[in-house]
Protein chains: 2
Amino acid sequence: MASKTIENYLKQIYLARQESRGKFIPMGRLANLMEVTPGTATTMVKALADAHLVGYEPRRGVKLSRAGEHLALHVLRRHRLVELLLVRVLKLDWSQVHEEAEEIEHAISERVLEAIDRLLGRPVADPHGDPIPTAGGKVHPQRFTSLATCPLDRPVRIVRILDQEPNFLRFVDQCGLTPQAIVRVQQRDPLADAVRLRIATDKSARCRILSGGVAARFLVRDP
Amino acid sequence: MASKTIENYLKQIYLARQESRGKFIPMGRLANLMEVTPGTATTMVKALADAHLVGYEPRRGVKLSRAGEHLALHVLRRHRLVELLLVRVLKLDWSQVHEEAEEIEHAISERVLEAIDRLLGRPVADPHGDPIPTAGGKVHPQRFTSLATCPLDRPVRIVRILDQEPNFLRFVDQCGLTPQAIVRVQQRDPLADAVRLRIATDKSARCRILSGGVAARFLVRDP
DNA sequence: CTTCCAATTTTGACTAATCAAAGTATACTG
DNA sequence: CAGTATACTTTGATTAGTCAAAATTGGAAG
């Protein structure tokens with residue numbers, strides 16, 4: 001069985017590849033994500049390569065092998081199903097479940113995972129809208145725009161938030177910018193790097209201003 | 001924070017003291033319970049003693065300190081609440097939850113624990129009837145007889161089973177000797193080491209014969 | 001009182017994961 | 001193209017937990 005540490009390295013490599021579409025993840029980036037020194041990351045990645053979980057090219061970086069990706073998706077499946085259990089069944093706060101799930105994801109067996117999946121009715125997304133890989137390791141491909149790029153003056157539905165930071169999520173919660181919320185982008189000012197939007201469900205008709213970077217963390221689709 | 005290993009040592013020392021009422025647990029016994037070599041147990045116990053979690057006297061054995069017992073009870077609380085969650089909410093089989101909880105007990109935070117406790121309605125016992133320590137570390141003292149010692153020909157209620165072995169629990173399940181079942185001991189034969197009993201809820205009026213040792217693993221009280 | 005045995009402790013070594021710091025390569029800058 | 005900054009790798013050391021095997025001891029049996 002893969003150790004907790006190995007599972008975390010593979011998960012981070014997988015997640016890093018999502019954003020920067022390049023094949024190889026540079027060591028420095030991985031070391032950062034894992035919060036270890038660069039030397040530690042190099043050592044560990046070489047061990048992962050020996051176990052055929054990743055491909056490693058010195059000074060270029062690391063990428064998942066078939067087997068590594070499979071394992072990473074499995075970890076992600078556990079993580080996201082646990083998050084949903086914590087929110088839906090144990091009524092934990094949306095903003096906190098990510099950190100809780102970080103630990104629990106390494107402790108649950110296939111049996112428990114299946115029981116959670118069944119109880120929750122085979123869900124396809126976690127509380128942040130992140131897709132839950134199937135038991136077979138498939139991820140439903142999402143191709144959403146974001147609040148930084150969607151058309152103006154048209155209502156859109158928030159479907160996913162690309163940030164797990166509790167403080168940020170608490171802010172998101174207070175604004176009402178949670179998944180399923182319907183919002184309309186009224187204006188974008190590229191020079192000021194500002195996005196002005198209105199939340200449909202918010203009767204007070206107040207506007208919100210977000211920076212472009214923050215707006216890009218909200219994925220949306222037609223309602 | 002105490003590591004998983006430390007938590008397990010403390011838990012085993014606590015559980016061992018329950019049975020053999022002597023103050024000190026001999027090293028050999030602990031090494032057995034932890035499935036490590038005696039040398040490993042000695043090394044580890046000396047480290048625990050340095051952390052003031054146990055008292056250690058060479059060649060006599062080990063016992064929990066106040067702090068160690070507190071931690072052990074906390075682990076046990078997590079273990080038993082998780083077991084109950086797995087049975088009641090996730091509908092897992094009674095006979096399997098012990099091994100599942102062995103892992104999960106080290107992964108859940110105070111917050112999650114509290115949420116489980118609330119969801120389950122502050123339960124006082126897990127699916128095997130083992131008492132759940134309170135958040136403050138109190139255990140409701142149980143003083144039950146067992147099927148090996150209770151009065152004959154009087155109905156009694158099974159309240160606890162002192163064995164977590166899946167095969168044994170499956171057998172218990174099939175017999176209907178689960179917690180809450182009402183049974184009557186009809187006869188004891190000390191020489192044959194046999195206990196004959198009838199299960200009240202079993203319409204077929206069939207009898208069961210258990211050895212004295214097995215009978216002693218079923219704690220009972222007046223219905 | 002000696003002998004011996006079984007339970008313990010000690011010793012030396014190993015694995016996984018980590019860090020600090022020194023060394024090396026790549027790429028940028030003039 | 002040389003010089004340097006940055007990113008990466010190597011090296012040597014550390015900690016937690018473990019084992020195998022040798023050394024010790026405390027008490028039971030003669």
Side-chain angles (χ1 to χ4, degrees), chain A residues 1-13 16-17 19-20 22-64 67-68 71-72 75 102-103 105-107, chain B residues 1-13 16-17 19-20 22-64 67-68 71-72 75 102-103 105-107:
Chain A
M1 257 300 90
S3 73
K4 190 167 150 171
T5 307
I6 289 178
E7 289 190 347
N8 282 332
Y9 273 91
L10 296 176
K11 184 176 61 169
Q12 293 303 346
I13 295 168
R17 199 219 40 187
E19 296 155 34
S20 56
K23 282 231 140 189
F24 284 89
I25 313 303
M27 284 301 146
R29 186 141 150 58
L30 180 58
N32 251 237
L33 292 168
M34 289 300 300
E35 300 181 49
V36 296
T37 58
T40 303
T42 299
T43 310
M44 197 62 207
V45 161
K46 286 205 281 191
L48 294 176
D50 289 349
H52 305 290
L53 291 168
V54 302
Y56 167 55
E57 296 193 11
R59 302 190 188 262
R60 281 199 61 202
V62 61
K63 65 172 179 178
L64 293 177
L71 222 164
V75 177
E102 284 294 315
E103 278 303 312
E105 68 186 2
H106 307 293
Chain B
M1 256 300 90
S3 72
K4 189 167 150 171
T5 308
I6 290 178
E7 289 190 346
N8 282 333
Y9 272 92
L10 296 176
K11 184 177 62 170
Q12 292 303 345
I13 295 167
R17 199 218 43 188
E19 295 155 34
S20 56
K23 282 232 142 193
F24 284 88
I25 313 304
M27 284 300 145
R29 186 142 149 58
L30 180 59
N32 251 238
L33 291 168
M34 289 302 298
E35 301 181 49
V36 296
T37 58
T40 302
T42 299
T43 310
M44 196 63 207
V45 161
K46 285 205 282 192
L48 293 176
D50 289 348
H52 307 288
L53 291 168
V54 302
Y56 167 54
E57 296 193 11
R59 299 188 190 267
R60 282 198 60 201
V62 61
K63 67 171 177 179
L64 293 177
L71 222 165
V75 178
E102 284 294 319
E103 281 301 314
E105 68 187 1
H106 306 293

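Just the heavy atoms: all of them, side chains too, but no hydrogens, waters or symmetry mates, feed the values below. The sequence lines fix the lettering, A, B, ..., with proteins before strands; numbering per chain opens at 1.
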- Can you name the nearest heavy-atom pair linking B/A41 to B/V36, along with the distance? N-CG2, 4.0 Å
- Message: I need the minimum non-hydrogen distance between A/L64 and A/V54, along with the two atoms involved.
- Response: CD2-CG1, 4.0 Å
- What does A/G39 touch in the nucleic acid at a heavy-atom separation under 4.0 angstrom: a base, only the sugar-phosphate, or nothing? base
- Message: For B/T43 versus B/G39, what's the shortest heavy-atom pair and its separation?
- Response: OG1-O, 2.8 Å
- Message: Between B/K63 and B/E57, does any side-chain N to carboxylate O distance fall below 4.0 Å?
- Response: no
- Item | Shortest non-hydrogen contact between B/A67 and B/H52, atoms and distance | CB-O, 4.1 Å
- Message: Whole angstroms only, please: what is the CE-P distance between B/M27 and C/dT10?
- Response: 11 Å
- Note on the structure: note: B/I25, atom CD1; C/dT8, atom P; distance rounded to Å ~ 12 Å
- Query: Which part of the nucleic acid, if any, lies within contact of A/T5, taking any heavy atom under 4.0 Å across all strands shown: a base, the sugar-phosphate backbone alone, or nothing?
  - Reply: sugar-phosphate
- Query: Counting only side-chain N and O atoms of A/S3, is one of them less than 4.0 Å from OP1 or OP2 of C/dA17?
  - Reply: yes
- Message: Is there a side-chain contact between A/E102 and A/K11 in this structure, where contact means two heavy atoms from C-beta onward sitting under 4.5 Å apart?
- Response: yes
What are the atom names and distances for every N/O pair under 3.5 Å that joins the protein to nucleotides 12-15 of chain C?
none

- Note on the structure: With a 4.0 Å cut-off (strictly under) to non-hydrogen atoms of chain B, the first and last hit nts on DNA chain D, 5' to 3', are D/dG17 to D/dG26
- Task: In whole angstrom, give the distance that lies between atom CE of A/M34 and atom P of C/dA17.
- Result: 10 Å
- Would you indicate, yes or no, if C/dT10 has its OP1 or OP2 atom less than 4.0 angstrom from a side-chain nitrogen or oxygen of B/K46? yes
- By a strict heavy-atom criterion of less than 4.0 Å, which residues belonging to residues 51-58 of chain A are in contact with DNA chain C? none
